[in-house]
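Letters A, B, ... are given to chains in the order of the sequence lines, protein chains preceding strands, and every chain is numbered from 1. Values below: all heavy atoms of this structure, side chains included; hydrogens, waters and symmetry mates excluded.
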There are 2 protein chains.
Amino acid sequence: MTDDTESAALRGDDLQTWATLATVLEWLPAALDAQLLRDGDLTHFEYGILYALADAPEQTLRMSVLAGYANSSLSRLSRAVARLESRGWVRRRPDPSDGRFTLATLTKDGQEAYAQATPGHVETVHRLVLDPLTTAQKKQLREISRRILRSIRDGGEWSAS
Amino acid sequence: MTDDTESAALRGDDLQTWATLATVLEWLPAALDAQLLRDGDLTHFEYGILYALADAPEQTLRMSVLAGYANSSLSRLSRAVARLESRGWVRRRPDPSDGRFTLATLTKDGQEAYAQATPGHVETVHRLVLDPLTTAQKKQLREISRRILRSIRDGGEWSAS
DNA sequence: CCGTTTCACTTGACTGAGCAAGTGAATGGA
DNA sequence: TCCATTCACTTGCTCAGTCAAGTGAAACGG
């Protein structure tokens, strides 16, 4: 029984690779969230919403498009935007051209909150991720990330669509 | 105003590096959780607890040590172990040598659940992370992860301790 | 010894996320 | 033209996680 477990378990270099990556997966989002919460009372997810809206034409996107950008369920996004709306940072209204869609728009206050949170966030990303790496490593990291993402999408059981 | 935002924002290669890594940070944990939930009704966090206990002498660890392994707050761990205990996979009792500590032990059922969940999980880690990468890339990933982790620990504001 | 402090958790209140059921706007078929 | 269906969200329920307050066991100071 324990022998089965042993033979199935990761070992050696592969174990090291996975263990360090798993640790990054746990700590890095926590560190980023902590900085954003301190400086702008925002989660990384909420920041991502502001980011997407800030870069969109007229600071406006349909909820479903926004959900795609944020890789979020519609329900999660709906609640998050509701929170941002209650702070006056985002406003929602039905899409005039099709009442089923909802358009979310960044308000002036929202742009300000985004502009205020951005420098600290960018600085944190530099300090924690980009600056410790060499140019070659950053290039490698892009390729590694792309390969992992491709394997997730391919194996994501919705490959038949 | 927008000029400040623009000048602070990430651009070019750095933006690509961060964007792809951020996407991995979002999708990979979700993919791993999904597999573990399907196959063993476990979150990745709960699996980590079973893993740590299974490898420990007498399948037993103090809660505080376990929290360290799982990089978890004590309160999160306490609730998670309570869930595992209610399934009969873990048992808790005061440490005889110091009643303040609590010892968590993997039960027979827990070992079985762990042994059953492991092959699928290992297979998923291989498929999503290890197999798509070359040996050189895996080596790079270890070094990259270590550098990021070091920067988190150094900058984690508790550097003064 | 006995009260205070420190530890190592545990628990109550609250917040955020997922799932499934609900809602209101368009579309499609008879 | 009207009803059913699809679409794009929204919301009720439940659960996991956090923070802060609580608890019970050891250590410490006088």
Mind calculating the distance between [atom1] ([X]) and [atom2] ([N]) to the nearest angstrom?
{"X": "A/Asp33", "N": "D/dC19", "atom1": "CG", "atom2": "P", "result": "11 Å"}
{"X": "A/Phe101", "N": "D/dT10", "atom1": "CZ", "atom2": "C1'", "result": "16 Å"}
{"X": "A/Asp41", "N": "D/dT18", "atom1": "CG", "atom2": "C1'", "result": "14 Å"}
{"X": "A/Arg93", "N": "C/dA25", "atom1": "CZ", "atom2": "P", "result": "17 Å"}
{"X": "B/Leu42", "N": "D/dA16", "atom1": "CG", "atom2": "P", "result": "12 Å"}
{"X": "A/Leu103", "N": "D/dT10", "atom1": "CG", "atom2": "P", "result": "11 Å"}
{"X": "A/Arg38", "N": "D/dT18", "atom1": "CZ", "atom2": "P", "result": "16 Å"}

[X] side-chain N/O to [Y] backbone N/O, donor-acceptor pair under 3.5 Å:
{"X": "B/Ser145", "Y": "B/Arg142", "result": "no"}
{"X": "A/Gln137", "Y": "A/Thr134", "result": "yes"}
{"X": "B/Gln116", "Y": "B/Ala113", "result": "no"}

Which atoms of nucleotides 22-28 of chain D (N or O only) lie under 3.5 Å from a protein N or O atom, and what are those distances?
residue: D/dA26; atom: OP1; partner: B/Gly99; partner atom: N; Å: 2.9

Report task. Can you tell me which residue pairs pass the side-chain hydrogen bond (donor to acceptor under 3.5 Å, both in side chains) test with a partner in residues 58-67 of chain A, sequence neighbours excluded? Result ->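 Found A/Thr60-A/Thr105, A/Arg62-A/Asp95.
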Query raised in the report: Do A/Leu77 and A/Met63 have side-chain heavy atoms sitting under 4.5 Å apart?
Result: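 Result yes, sub-4.5 Å side-chain heavy-atom pair found.
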Requested in this report: Can you run down the salt bridge (Lys or Arg N to Asp or Glu O under 4.0 Å) pairs that involve residues 40-49 of chain A, sequence neighbours left out, and say none if there aren't any?
Outcome: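 The answer is A/Asp41-A/Arg87, A/Glu46-A/Arg83.
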Query - Qualifying salt bridge (Lys or Arg N to Asp or Glu O under 4.0 Å) pairs, either residue in residues 97-107 of chain A, two or more places apart - result: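 Every pair satisfying salt bridge (Lys or Arg N to Asp or Glu O under 4.0 Å) with a residue in residues 97-107 of chain A: A/Asp98-A/Arg100.
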Query raised in the report: Of all residues at least two apart in sequence or in a different chain, which pass the side-chain hydrogen bond (donor to acceptor under 3.5 Å, both in side chains) check with A/Tyr47?
Result: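 side-chain hydrogen bond (donor to acceptor under 3.5 Å, both in side chains) list for A/Tyr47, sorted by chain: A/Thr118.
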Query raised in the report: In the 5'-to-3' direction, what one-character label does each nucleotide of nucleotides 10-20 of chain C receive under the scheme B = base within less than 4.0 Å of a protein heavy atom, S = sugar-phosphate only, - = no such atom?
Result: BBBB--SSBB-
